[in-house]
Every structure is written in structure tokens, then in C-alpha cells.
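Counting starts at 1 for both ligands and their atoms, following the listed order. No hydrogens, no waters, no symmetry mates; every other heavy atom, side chains included, goes into these values. On a predicted model such as this, the values are computed, not experimentally measured, just so you know.
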Amino acid sequence: MGNLGLDCRRPATRDPVMRLSRYFLPTLKETPAEAQIVSHRLMLRAGMIRQASAGIYSWLPLGFRVLKKIEQIVREEMDAAGCQEILMPTIQPAELWKETGRSEDYGPEMLRIRDRHEREMLYGPTNEDMITDIFRESVRSYRDLPKNLYHIQWKFRDEIRPRFGVMRCCEFLMKDAYSFDMDLEGARRSYNIMFVSYLRTYARMGLKAIPMQAETGPIGGDLSHEFIVLADTGETGVYAEQVLLERDPREEEIDFEADLEPVVRSWTERYAATDEKHDPAKCPVPADELVEARGIEVGQIFYFGTEYAEPMNCYVTGPGGEKKLIHGGSYGIGVSRLVGAIIEASHDEAGIVWPDAVAPFAAGIVNLKSGDEACDAAAEDLYRKLTDAGVEVLYDDRDERAGVKFAEMDLIGLPWQLVVGPRGVEAGHVELKRRATGEKRELAPDQALSEIIDSVP
Ligand code: ATP
Ligand code: MG
């Protein structure tokens, strides 16, 4: 197995050095004609993904690292909110979907498959039916509630118009969680926990995601919010009160054991709606406090009540021995879409500008004179020290022109660049560049190293 660079500080590989001369980074100089939005262009140019067919992509090493980082943040925040990770299959039996009547509701978006025994199967676009089946087989008593189970798994939706790279794919990675409660009150608590957890999850990735009232669509139910990141290329029109954009969930202490209703209310009492829900005639916010923008849906949460429990006979025994239908909710995050959404929110003319928390590597080392003994030794020393400190580094050791190296480093957007050249080595310093600001400083190597090490999340 390859080292995904998540937790393994000392990978036992043949050569731990991530050298660009060996790394699989098929960057493109030309802007691909098929890519309409900046994240799609940059992901192709930075060698992160490769299209297999319309709406279906392979993830190459650089892209895969980012995907895994995002996945890991989602996982940590779900675990922190008391959810438990499972893994359900991608292929599901159609019977379950017939039980709930959703087989028809989903229509041609669902990829239907027959196996060699002519059994009807499908590639899961979501998992409410399957998780309800698991739950009804395993849970009997109200004492087993509440529960929230989630998985991070590939989904397939035969989108009519796959486009914008990983933003609207047929095959995409989603985190989907499912809550089970005895009654509306409990379900509301579970919903609130997810609402607050989502705000923290996106904020950790350096994103501002605003919760908005939403239509519930084929999943059903009557309480739902979409989490939307503002970007000009977003597919959804949104209207939100300015104050919502100024709020930072990371600055707020949250106790998941406490009643979260006041926190949720403090968000939902402010106006925020997608164009499906927005009615200019009824909007209470004065024009100068209302932001009209476009946005990308990066997650959605639903309370759907007994909608699945009823057709699937999912009951528990209540405290008085009575049978009670389970109240459910489902909570999705578009893990692979987030890679594109983060780039839409964070880039410049030169390329991607990764937020520290999701960067594929924290730093890149640019050796301006590969083959020169002093430069090689200095670059190698920086590399070793960073690696020993647990920092992920990509070392450009190629025999290339400086201009090419700088352009590629900017394109792939690592938060820090350490530039090692003959003049600096002689004078005893390296150049440290912060990608986000472009700020460059000449520093003693140890000082540059400690700045990088201190910044790693
Ligand atoms: P959309 O309205 O964008 O089609 P949806 O409402 O159908 O999405 P959900 O069922 O809410 O999607 O799925 C949860 C999350 O999965 C979405 O918020 C989105 O971030 C992501 N997602 C949905 N469809 C796609 C897709 N075709 N490609 C990539 N990500 C997707
Ligand atoms: Mg949705």
C-alpha cells in the first residue's frame, strides 16, 4: 500500500523523499479547452485528475492527497459529533428501493444493473433504504437510540449534464450520515448536532459555508438546509444577510451534549435562501443588507421523519412496550465536490492557493541548481528536517529552468515555498515564500523551517 501521508510520519518506503523527478505530476501548460470553470482548468493543469469518461474521473497523486485530507477532516468532525463510521457497498439490491417506492422516483438518474442471475441491482446514489434495512434488522429497543451512522463512499448519479469537472460528476465521493431517533424531539436534536458540526467542518477547510433553507427533493421530508459556498461559478442563485458572511464558527465554543437549538436558531433566524425558496416580495431584509450571489452546494441535511421507517417497518419498542416508528434524518457532504469548491474559493492567476488544512503538501522545496553539490546538500537538509518534524514536503530536484519550477510551484499552490539557490546557500540563507500573499523573505534555514513547522495544522 502507498503512504497517503495522513498520519504516517515515518513511512517505511524505499526512499521517503518526495522528489518531483520521481513524482507522478502530469501538469499541462495549455489550458484545456473543455474546462469551463477555473477549478476544472486548474485541476487538469495541476495534474490532479484525469477524465475517464463524461463525469467520471481518476484521481492522480496530487489530487488524491487533497481528497484524502478533506475526507479526513469530515471524518474527524463526524466522530467528534458522536457519529460512528461504517462502510456500505456501492452496489445495492433493487428490492430495497422497491420497498420504499424510490426505485421509480429516482428515474433515469439511477444506474440500474443486472447481475448474471438477472437480479436487479443498482449503483447507489444514496443509502437511506439500505441503512434503514440494516437498522430494522439490528435495533429493537428505544434504549439503543439515538444513533448516527455514516460512511464515506462513492456514489453514482447518471447526471443529465455532467460538467465542471469534479463539481457535477456521475461518480463522486460523498459522506452520508443517517440518524435514528424515537421521536421528533430526538430527531431535532440529531439534526441540530449535524447542523453545527457542518459549520465547523467547512470552516476547518478554510471555507465559508452558509446554511440555507432548501427544498427536500426526492429524499422527502419537511426540514432541510443546504450548505452553500459562495463562488461566481456556482450553479445556485443565493440570497443571504450580510452578517452571515462575517461569522466564523471556529471562534465559537460548542458542547454537543448541550442544547444546540439556540446556536442553530442564531443562524436560521437570519435570512438565507436559495433561488428556489427566495421570494423577493416576502424577503424581510433591506436591500443594502442582502447579498445576492451564486453558490456551490457542498452539503445538505434533511429530517425526513418516518418516511422510510413506515414502508420498511422499522420499529423499536418504546419505554411502555409500545411499537414506535423510527424518526430519521440524512446528512450529506460532497467530499469530491469540495476539492473543486475550495479551488473556486481560493486561487489566483498563477494557480491554486491551498488553505493549510487541505494542502497536498505543506511546503515545496525548489532547488534552483540541481546537481550543484552545495545546493543539493542544503535542499536535502531542509527536506530531512521537515520530514523528521512530520511536515509533508514536495522537493523539486529536477534539472529544469527556474522559471518552469516557479510556475509549477505556484500552479500546484502549496502554502510554503522554500527556494534554495547558490547565492543564498553561500550567504547562509534560503528564501521563504508564502503562496497566499506572495510575501518573500530571506531567512536562516532554521528560522524558515520553524515558521513552516509552526504553521502546520
Ligand atoms: P445537486 O442539487 O447539486 O444536484 P443534490 O441536492 O442532488 O445535489 P444531495 O443528495 O444533497 O445532492 O447530496 C449531498 C451532497 O453531495 C451535495 O450537497 C453535493 O455536495 C454532493 N453532490 C451531489 N450530486 C453531486 C454530483 N453530481 N457531483 C458531485 N457532487 C455531488
Ligand atoms: Mg442537495
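- Ligand-side atoms of ligand 1 in range of Val166: 29 (C), range being under 4.0 angstrom from any heavy atom.
- The shortest heavy-atom distance from Ile296 to ligand 1 is not under 4.0 Å.
- Judged by the 6.0 Å distance and 45° axis criteria, Arg65 is positioned over the aromatic ring of Phe361.
- Contacts between Met174 and ligand 1 below 4.0 angstrom, taking non-hydrogen atoms only, involve the side chain exclusively.
- Set against the non-hydrogen atoms of Val298, the atoms of ligand 1 under 4.0 Å away are 18 (O), 20 (O).
- Relative orientation of the His40 and Tyr57 rings is perpendicular, given thresholds of 30° and 60° on the angle between their planes.
- Side chain of Asp115 to main chain of Arg119: a donor-acceptor pair is present (N/O by atom type, distance under 3.5 Å, no hydrogens or angles).
- Taking each of Ser224, Cys170, Gly334 in turn, the one with a heavy atom nearest to atom 15 (C) of ligand 1 proves to be Gly334.
- Not one N/O/S atom of Glu226, from backbone or side chain, sits under 2.8 Å from the Mg ion (ligand 2).
- Within the 4.0 Å heavy-atom shell around ligand 1 one does not find Ser336.
- Shortest distance from the Mg ion (ligand 2) to Glu297 is reached at OE2 (N/O/S atoms only).
- Comparing Gln300, Lys175, Arg157, Glu276 against atom 12 (O) of ligand 1, the shortest heavy-atom distance belongs to Arg157.
- In this structure, Phe227 and Tyr198 have tilted ring planes: the angle between them lies in the 30° to 60° band.
- In this structure, Arg435 forms no cation-pi arrangement with Trp416, as its terminal cationic atom is not both closer than 6.0 Å to the ring centre and no more than 45° off the ring axis.
- Distances from ligand 1 to the non-hydrogen atoms of Met167 include at least one value under 4.0 Å.
- Evaluated by nearest non-hydrogen atom to atom 30 (N) of ligand 1, the leading choice among Phe302, Phe172, Phe227 is Phe172.
- Under 4.0 Å from ligand 1, heavy atoms of Arg168 appear from its side chain as well as its backbone.
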**Report entry** Arg188/Glu185 under salt bridge (charged side-chain N to carboxylate O under 4.0 Å, His left out): CA gap, chis, key distance, verdict
**Finding:** CA-CA 5 Å; Arg188 182 89 214 193; Glu185 202 190 325; over 6 Å; no
Query raised in the report: Could you go step by step and tell me if Glu289 and Tyr271 meet the side-chain contact (heavy atoms from CB on, under 4.5 Å) rule?
Result: CA-CA 10 Å; Glu289 288 167 32; Tyr271 190 82; over 6 Å; no
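- Within the 4.0 Å heavy-atom criterion, neither part of Leu338 lies near ligand 1.
- Using a 4.5 Å heavy-atom cutoff, the side chains of Tyr331 and Asn148 are in contact.
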